[in-house]
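All remarks here apply to the structure that follows.
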Amino acid sequence: MTLVVEGRLQDKVLENEWHPVYISSDLTDKPVGVMVMGERVSIYRSKKGVHAFRDLCIHRGAMLSEGYVVDDCLVCPYHGWKYDDAGKCVSIPAQSKDMKIPERAKAEVYHCQEKYGIIWVCLGEPTMELPYLEEFEDPSRKPLVCGPYDVKAAGTRVVENFTDFAHLMYVHGGLLGHPDYAELPDFTITKEKDRIFTSEVPIFQPVAHSGSEAREGTTYVYVKEVFRPMSARLSKRDAGTGQTLWILLTVLPLSEKECKVYMVVSRNYGFEVSDDDFIKFQDTVFQQDAWIIETQKPELLPLDLQAELNHKVDILSVAYRRWLKELGVTIGTV
């Protein structure tokens, strides 16, 4: 069980990871409160970019996310204390202008950035930067942020589900698979320093995505990858036409058994299809996933490979569990 200190989940690995917290286009100069690993965080946008503070004024503990932005500074709603983007208090209205502001008058600042259309926060010191993923940064591929989706399950279970092929024919039967085509071919995985990925895996799909031209279904070639403890991606390509859909899935742990999921979808086809239709399709698919994930027991992902029966088609999820154990991830694991 993960240690919790004053409501904050303790995990030396995930503390230094980037976590998705908000859709970038939705963030304005109005502060917003988000939860990251049990910690309350206030995020806001200024002329200098996006910022994240611990959602706590050091004076009397008010929530900074309930405040407002003036002159690119975050103002506490309780007594009007004003903090610059470095967290330094630059104004205390109740004291005279010639009085020195106490050195302790600071807000705790977290690392914050926007990438792939998402706001990201790191509570500690980032172990590495978010990678450059062309398919989610090239505007010609129309990247769309889907979600966020609230799931009453461990984030590790969500990521593992994303790595799984064999559920497509049942959880998403009629869309991403069909029971008559449940047999999977042999495939391999490759493990590198910071990612694990599969070889190409062909899957027959009745309706692979919004805008699909294959009315009778067709076979799509998948490649799945886990590149951070709580982030994964896939590509699915129609071998005949080259139509390709890319999906990035990334998970924000809220607690041991609750998380928030963001997805980014890009494509090289179907630009005449509305973005809303693509998003609605992903909403439908993820709702199917969330339902089954929330039924799983134990709720936390077992890292002991003897705890659950593994099959040869589970080689990516087994590698993912081994990687989490190797890294020392504790949130969402048992």
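All values below were derived from every heavy atom in this structure, side-chain atoms included, with hydrogens, water molecules and symmetry-related copies excluded. As the structure is a computational prediction, the values presented were derived from the model and not from experiment. Along the sequence shown, residues are numbered consecutively beginning with 1.
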Hey, any chance Y222 and V171 share a hydrophobic cluster, counting ILVMFWY side chains that come within less than 4.5 Å of each other, even indirectly? yes
CA sep, side-chain torsions, deciding dist, call: T190, I196, side chain to side chain contact (heavy atoms under 4.5 Å, CB included): CA-CA 6 Å; T190 300; I196 308 165; over 6 Å; no
Are the side chains of M37 and D11 in touch, meaning some heavy atoms are under 4.5 Å apart? yes
To the nearest 0.5 Å, what is the distance between OG (S235) and CD (E200)? 7.5 Å
Straight-line distance of L184 CG to F165 CZ, nearest 0.5 Å: 8.0 Å
Is any NZ, NE, NH1 or NH2 atom of the basic residue among K47 and D29 found under 4.0 Å from an Asp or Glu carboxylate oxygen of the other? no
Any side-chain heavy atom of P229 sitting closer than 4.5 Å to one from L14? yes
Is E308 salt-bridged to R321, cutoff N-O under 4.0 Å? yes
Donor-acceptor pair, distance only, cut-off 3.5 Å: does the side chain of N268 make one with the backbone of G242? yes
Closest approach of F271 and S140, non-hydrogen atoms and distance? CZ-O, 3.5 Å
Clusters formed by hydrophobic residues whose side-chain heavy atoms approach within less than 4.5 Å: which one holds V145, and what are its other members? W18, I23, Y116, I118, W120, L130, L133, F136, F227, W246, L248, Y262, V264
Compare every heavy atom of G67 with every heavy atom of K30, then report the nearest pair and how far apart it is. NZ-O, 3.8 Å
Taking E258 first and then K152, would you say they form a salt bridge - that is, a charged N and a carboxylate O separated by under 4.0 Å? no
Reported CZ-to-SG distance for the pair R157 and C259, which is rounded to 0.5 angstrom: 12.0 Å
Do L144 and V261 belong together in a cluster built from hydrophobic side chains that touch within less than 4.5 Å? yes
Is it the case that one hydrophobic cluster holds both Y68 and L74, taking links as side-chain heavy atoms less than 4.5 Å apart, direct or via other members? no
Write down the atom of V121, the atom of A52, and the distance for their closest heavy-atom approach. CG2-CB, 3.8 Å
Check whether more than 12 heavy atoms from other residues, nucleotides or ligands sit under 6.0 Å from atom OH of Y78, and answer yes or no. no
So, for Y110 and V41, which heavy atoms are closest and what is the spacing to 0.1 Å? CE1-CG2, 3.8 Å
Write down the atom of H19, the atom of P253, and the distance for their closest heavy-atom approach. ND1-CD, 3.6 Å
Derivation and outcome, side chain to side chain contact (heavy atoms under 4.5 Å, CB included), residues F53 and Y44: CA-CA 9 Å; F53 290 179; Y44 70 97; 3.8 Å; yes
Would you indicate whether the side-chain heavy atoms of Y320 and L301 approach each other to under 4.5 Å? yes
Do Q288 and Y170 have side-chain N/O donor and acceptor atoms under 3.5 Å apart? no
Is it the case that more than 12 heavy atoms not belonging to K142 sit under 6.0 Å from its NZ atom? yes
Can you tell me if H167 uses its side chain to pair, donor with acceptor, with the backbone of D164 under 3.5 Å? yes
Exam field: side chain Q10 to backbone R8, donor-acceptor pair closer than 3.5 Å: yes
Indicate whether the side chain of S24 and that of E114 have a donor and an acceptor atom separated by less than 3.5 Å. yes
Search all heavy atoms of V36 against all heavy atoms of V21 and return the closest pair with its distance. CG2-CG1, 3.6 Å
For the side chain of D71 and the backbone of C73, is there at least one donor-acceptor N/O pair under 3.5 Å apart? no
Judged by modelled atom types alone, do T127 and N16 share a side-chain donor-acceptor pair under 3.5 Å? no
Parallel under 30°, tilted from 30 to 60°, perpendicular over 60°: which one fits the rings of H178 and Y181? perpendicular
So OG of S42 and NE2 of H51: to nearest 0.5 Å the spacing works out to 11.0 Å
S231 (side chain) donor-acceptor with T250 (main chain) under 3.5 angstrom: no
Can we say E108 and K106 salt-bridge, meaning some charged N sits less than 4.0 Å from an Asp/Glu carboxylate O? no
Is the number of heavy atoms from other residues, nucleotides or ligands within 6.0 Å of CD (E192) greater than 12? yes
Step by step, work out the side chain to side chain contact (heavy atoms under 4.5 Å, CB included) result for V223 and V201. CA-CA 6 Å; V223 175; V201 182; over 6 Å; no
Indicate if I189 and I203 have the same hydrophobic cluster label, given that clusters are the connected sets of ILVMFWY residues with side-chain heavy-atom separations under 4.5 angstrom. yes
Is there a side chain to side chain contact (heavy atoms under 4.5 Å, CB included) between L27 and V50? Walk through the geometry before answering. CA-CA 9 Å; L27 185 64; V50 292; 3.9 Å; yes
Hydrophobic clusters here meaning ILVMFWY residues chained together by side-chain heavy-atom distances under 4.5 Å, can you tell me if V75 and I92 are in one? no
Within-4.5 Å side-chain heavy-atom neighbours: L303 and V334: no
salt_bridge(K260, D150) N-O dist < 4.0 Å: yes
Given L175, D276, V273, L245, the one that forms side chain to side chain contact (heavy atoms under 4.5 Å, CB included) with F281: L175
I need the S65 OG to R54 CZ distance, nearest 0.5 Å. 13.0 Å
Run the side-chain hydrogen bond (donor to acceptor under 3.5 Å, both in side chains) test on H172 and Q205 for me, step by step, so that the C-alpha distance in whole Å, both residues' side-chain angles and the decisive distance to 0.1 Å come before the verdict. CA-CA 10 Å; H172 308 299; Q205 301 191 320; over 6 Å; no
Taking NZ in K12 as the centre, count heavy atoms belonging to other residues, nucleotides or ligands within less than 6.0 Å. Is the count above 12? no
Residues in side-chain hydrogen bond (donor to acceptor under 3.5 Å, both in side chains) contact with Y149, at least two apart in sequence or another chain: D283
Between Q282 and I279, is any pair of side-chain heavy atoms under 4.5 Å apart? no
So, taking the atom named CZ in R141 and the one named CD in E134, what distance separates them when rounded to the nearest 0.5 Å? 4.5 Å
Validate the cation-pi geometry between K88 and Y83: distance from NZ or CZ to the six-membered ring centre under 6.0 Å, angle to the ring axis within 45°. no
Whether over 12 other heavy atoms sit under 6.0 Å from E326 CD: yes
Are side-chain heavy atoms of L176 and V285 found at a separation under 4.5 Å? yes
Would you call Q113 and E129 a side-chain contact if the rule is heavy atoms closer than 4.5 Å? yes
Under 6.0 Å from the ring centre and within 45 degrees of the ring axis: does the NZ or CZ of R267 meet both conditions for the six-membered ring of F278? yes
Hey, does the side chain of K224 reach the backbone of F162 with a donor-acceptor pair shorter than 3.5 angstrom? yes
Using a 4.5 Å cut-off on heavy atoms from C-beta on, say whether the side chain of L249 contacts that of V159. yes
Can you establish whether the number of heavy atoms outside E103 located under 6.0 Å from its atom CD is more than 12? no
